[in-house]
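When reading the values below, keep in mind they use all heavy atoms of this one structure, side chains included, and skip hydrogens, waters and symmetry mates. Order of the sequence lines fixes the chain letters, A, B, ..., with proteins taken first and strands second; residue numbering starts at 1 for each chain.
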Number of protein chains: 2
Amino acid sequence: MKAKVTIREVAKAAGVAIGTASRALNRTGRVSEQAIAAVTKAARDLGYTPDAVAQSMRTRSTGVVGLLVSDLANPLYARIITAVESRLLTAGYALLVASTHNDGQREKTLIDLFRRRRVDGLILGPCQAETPAYLDQLAADGPVIALDRDFQGDNAGVHVDHYHGALQATRYLLNLGHTRIALLTPASVLRPGRERILGYRDAYAQRGLQPDPKLIRAEKSAMDFAFSEALSLLGSPTAPTAFLCLGTRILSGVLQALRHSGRLAPDDVSVVSIGDTDLSQLFSPAITSLTWDLEAVGTAVAELLLRRLDSPAPLEQERILLTTQMVLRESCGPVAKAPAAARKKTRAAS
Amino acid sequence: MKAKVTIREVAKAAGVAIGTASRALNRTGRVSEQAIAAVTKAARDLGYTPDAVAQSMRTRSTGVVGLLVSDLANPLYARIITAVESRLLTAGYALLVASTHNDGQREKTLIDLFRRRRVDGLILGPCQAETPAYLDQLAADGPVIALDRDFQGDNAGVHVDHYHGALQATRYLLNLGHTRIALLTPASVLRPGRERILGYRDAYAQRGLQPDPKLIRAEKSAMDFAFSEALSLLGSPTAPTAFLCLGTRILSGVLQALRHSGRLAPDDVSVVSIGDTDLSQLFSPAITSLTWDLEAVGTAVAELLLRRLDSPAPLEQERILLTTQMVLRESCGPVAKAPAAARKKTRAAS
DNA sequence: CTGTTAGCGCATTCAT
DNA sequence: ATGAATGCGCTAACAG
């Protein structure tokens, strides 16, 4: 353990008082050019590094922000986090991260952990435990930014317009003649799922239709869940003719189910997914996708937080809504004339 | 800003001295049951939360560890990080993360940032800047764990056996009759790339062969890089008959290049990739892959670090090597009899 | 402009 | 077993 060099030693080496050294280093208050030069030189010579812990102790600001998402390994979050980290770094902030795994209890534990560490701000992604009671208490400690999540009270945050995204995608399928469109999305208790269901329903409603409730599968997002859900859907006598795969790992489960049941897109069933992944682009057929700019989400979150950090007085309640785009590819087509089973036979016989 | 309750107030409420309160809370030293009870109750009543910053100040330990990888958004790292975070959390540690983007300068900046924050330990993933000079200096501050990376000096860490992985994969293709096997892997200056090239060469050597150096493309790993590299490789008169895609985002680039040039796997060219991704599993044909247990990597890293945190005296230099597995799927076959161009014509004519 | 002083909240030493 | 005092490294307030 090399002895850390403190500001005290720098001051002594520079031949000034400790207070002057501090001011020189931080360019704060009135300091002579001469003092600045001497202190700077001494600091460099000694290899002085300010101790952030001591600074935090004094200034009551740690320069650390905490970020909580349900799963760090989710590629969508991973990209958002990268953007957040990048933007925050330019402002000198470090990023503490953790996964809640959609567990409200765990989320609380993690928030407490972060609070004890005295993070300057908090970014909270969707978690089953919507609007926990301790949230107001939290806001007293520093800015809390919602990431695609709804809070009661002051819910500043960045949100994706899943409502219009789902509306547009559903409408698109409806236009192709589909009326039995399956909607697979993560937990309806989370904002993304809730909004998507609303958009989906409204698209139907605008046609004077009402979707079969059985077609809405909005619980977990695990891939094998999507697989078994899709399989059971496909096995039904009134199987869907289209799949809206609105969750990160849902597409692969549905594709497996299609393969497993001998269905082909877009002839037998149409497929729409989210996120412009390798799989969407390279699968045959390429998958029509609902996308949004993940980097923009991350940057917006970071900038909103930074702004609140500068002016802790919560100005207006700021909500940023980002739109989705639909990338048309090859996985959707008009609803099949003959039922899938019939077509399969035809194909096999030829 | 709700006034934070400090240990001083807890002590007063419990009717004991501040020192006693501290000992009671931490169960350290000699304290009466009675004092413990009183202090615990007071703490609960007042909603006392210890201030981690002040604790760090005093104990010189922050309970925070830093982790640096080239890119947080890389799905492989994302999964490793999740495992690290999970294991670390059970030990009460928080995780600070950042991306180096393979920039040595940025890595240094980030390490300094983390050092100033007085992280208790550091986990360093591969970065162009191998073995920076400041690393020894670093080790004085706390344990530094390598993640698939080589250091000079004390290089404790966990590593993936890319050498044998590449050896096995190359051998497999050699056995299928391929002699022109393209190797695409991220920068050879990084351990993974270096090891893979060694394994690849040795597989050839064991056959008494020597690979065409032009077949080794070991620079950046960006997807469009892989795409253009693969395209140029395929355009050559002596095009490879097999592709080893040993980098996260390389597979998709190569698959696009194949599609673009009208080649089909496994008939025209064989393909091996890494990481058991959705794309590998669902692409047609499913891609034969070289995989390893990412969760195990993360857990091992965390546990190694935790161990060094407990006994700062660097016991033996601990290196953990994790093996790879090869998942055989449909993307590889014997080398085509006729050149691809000829086959294309044949197919078109039929 | 600069030196001195006083804590930030806590763990720990030394008395008692 | 407990109370009082000390200081971790730094910044902010004050006095010069």
Side-chain angles (χ1 to χ4, degrees), chain A residues 1-40 42-43 46-64 92 115-120 141-142, chain B residues 1-40 42-43 46-64 92 115-120 141-142:
Chain A
M1 283 286 181
K2 186 191 46 146
K4 284 279 299 172
V5 23
T6 78
I7 199 175
R8 162 174 256 110
E9 309 173 44
V10 172
K12 185 157 44 169
V16 298
I18 178 173
T20 306
S22 173
R23 278 172 300 223
L25 258 6
N26 299 318
R27 300 277 192 286
T28 173
R30 261 155 284 272
V31 209
S32 69
E33 287 302 324
Q34 188 184 347
I36 290 185
V39 171
T40 307
L46 298 177
Y48 169 71
T49 312
D51 183 327
V53 173
Q55 289 179 315
S56 305
M57 183 76 167
R58 200 43 238 228
T59 63
R60 313 220 38 106
S61 149
T62 53
V64 175
R115 279 191 29 158
R116 283 228 313 279
R117 295 307 198 263
R118 290 228 305 247
V119 295
D120 288 344
D141 289 337
Chain B
M1 283 287 181
K2 184 191 46 144
K4 284 278 297 172
V5 22
T6 78
I7 199 175
R8 160 174 257 111
E9 310 173 45
V10 173
K12 184 157 42 167
V16 298
I18 178 172
T20 306
S22 174
R23 280 172 298 224
L25 257 6
N26 299 319
R27 300 278 192 283
T28 173
R30 261 156 282 275
V31 209
S32 68
E33 287 303 325
Q34 189 184 346
I36 290 185
V39 171
T40 306
L46 297 177
Y48 169 71
T49 312
D51 183 328
V53 173
Q55 288 178 315
S56 305
M57 183 77 168
R58 206 29 238 215
T59 61
R60 312 216 40 102
S61 150
T62 53
V64 175
R115 278 190 29 155
R116 283 226 314 278
R117 298 290 200 276
R118 289 229 304 249
V119 295
D120 288 343
D141 289 338

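Applying the side-chain hydrogen bond (donor to acceptor under 3.5 Å, both in side chains) test to S56(B) and every residue at least two apart in sequence or in another chain returns nothing. In this structure, the side-chain contact (heavy atoms from CB on, under 4.5 Å) partners of R116(A), at least two apart in sequence or on a different chain, are L113(A), T49(B), P50(B), A52(B). Qualifying side-chain hydrogen bond (donor to acceptor under 3.5 Å, both in side chains) partners for T59(B), counting only residues two or more places apart in sequence or in other chains: none. R23(B) meets the side-chain contact (heavy atoms from CB on, under 4.5 Å) test with T20(B), T28(B), V31(B); sequence neighbours excluded. Judged as a side-chain contact (heavy atoms from CB on, under 4.5 Å), and not counting sequence neighbours, the contacts of A54(A) are D51(A), M57(B).
Between A35(B) and A24(B) the shortest heavy-atom distance is O-CB, 4.4 Å. Across L25(B) and Y48(B), no two heavy atoms sit closer than the pair CD2-CE2, 3.9 Å.
The closest side-chain heavy-atom distance from D120(A) to V64(A) is not below 4.5 Å. Between Q55(A) and R60(A) the shortest side-chain heavy-atom distance does not fall below 4.5 Å.
Contact annotation for V16(B): backbone-only contact, meaning every heavy-atom pair under 4.0 Å involves sugar-phosphate atoms and none involves a base.
Over its full length, the helix from dC1(C)-dG16(D) to dT16(C)-dA1(D) turns its helical axis through 50°, comparing axes from the five pairs at each end and rounding to 10°.
R27(A) contributes atom CZ, which lies 5.0 Å from atom OG1 of T40(A) (distance to the nearest 0.5 angstrom). Here the NZ atom belonging to K12(A) is positioned 8.5 Å from the OG1 atom belonging to T6(A), to the nearest 0.5 angstrom. Interatomic distance, CD of E9(B) versus CG of L46(B), reported as 7.0 Å (0.5 Å rounding).
Think of the region where chain A sits on DNA chain C: with heavy atoms and a 4.0 Å cut, that region ends 5' and 3' at dC1(C) to dG9(C). Scanning DNA chain D 5' to 3' for nucleotides with an atom closer than 4.0 angstrom to a non-hydrogen atom of chain B gives a first and last hit of dA1(D) to dG9(D).
Comparing T59(A) and A21(B), the nucleotide of DNA chain D nearest to each residue sits closer to the 5' end for A21(B). Across the interface with DNA chain D, nearest-nucleotide mapping of R60(B) and G19(A) shows R60(B) to be the residue nearer the 5′ end.
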Requested in this report: May I have the step-by-step check of side chain to side chain contact (heavy atoms under 4.5 Å, CB included) for R117(B) and T62(B), ending in yes or no?
Outcome: CA-CA 8 Å; R117(B) 298 290 200 276; T62(B) 53; over 6 Å; no

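Listed by residue number, S22(A), R23(A), N26(A) are the residues of residues 22-34 of chain A with a heavy-atom contact under 4.0 Å to DNA chain D.
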